[in-house]
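Let me begin by presenting the structure, written as structure tokens, before commenting on it.
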Amino acid sequence: MKQKKKSDVAILMDYAGSHRILTYIGLILSAVSMILSMIPYVCIWLVARDLIAVAPNWSQAEMITQYGWIAFGSAVGGILI
């Protein structure tokens with residue numbers, strides 16, 4: 001009879017023993033960190049899009065400073081998590 005293969009999470013839970021909740025917390029924090037680490041790339045795209053839209057009058061691009069701070073904050077948050 002062919003045995004059913006365990007999923008990766010089920011294998012992790014076997015190793016975790018009585019600390020299963022910590023495994024779930026680690027998975028959730030890893031996902032949040034991944035999302036926060038992707039936001040700076042989106043902000044770079046938004047800055048480039050705004051600069052291309054107003055070229056050559058660069059002073060009309062008003063949101064690039066906010067995008068920079070959002071990128072900085074999310075990058076630091078991703079590292080801290």
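Residue numbers run from 1 in the order of the sequence given. Since this is a predicted model, take the numbers as computed values, not measurements.
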Among residues at least two apart in sequence or on other chains, which ones pass side chain to side chain contact (heavy atoms under 4.5 Å, CB included) with S7? V9, A10
Distance check, rounded to the nearest 0.5 Å: H19 atom NE2 versus L22 atom CG? 7.0 Å
Nonpolar side-chain network containing I11, other nodes, edges under 4.5 Å: Y15
Point-to-point distance, once rounded to the nearest 0.5 Å, from CG of D50 to CD of E62: 9.5 Å
Could I get the full list of side-chain hydrogen bond (donor to acceptor under 3.5 Å, both in side chains) partners for D14, not counting sequence neighbours? K6
Results of side chain to side chain contact (heavy atoms under 4.5 Å, CB included) for Q66 - residues two or more places apart only: M63
Anything under 3.5 Å between a donor and an acceptor, one on a side chain of residues 34-48, the other on a protein residue two or more places apart or in another chain? List them.
unit_1 : atom_1 : unit_2 : atom_2 : d
S37    : OG     : S33    : O      : 2.9

Would you be so kind as to tabulate the donor-acceptor pairs closer than 3.5 Å made by side chains of residues 67-81, with sequence neighbours excluded?
unit_1 : atom_1 : unit_2 : atom_2 : d
S74    : OG     : I70    : O      : 3.0
S74    : OG     : A71    : O      : 3.2

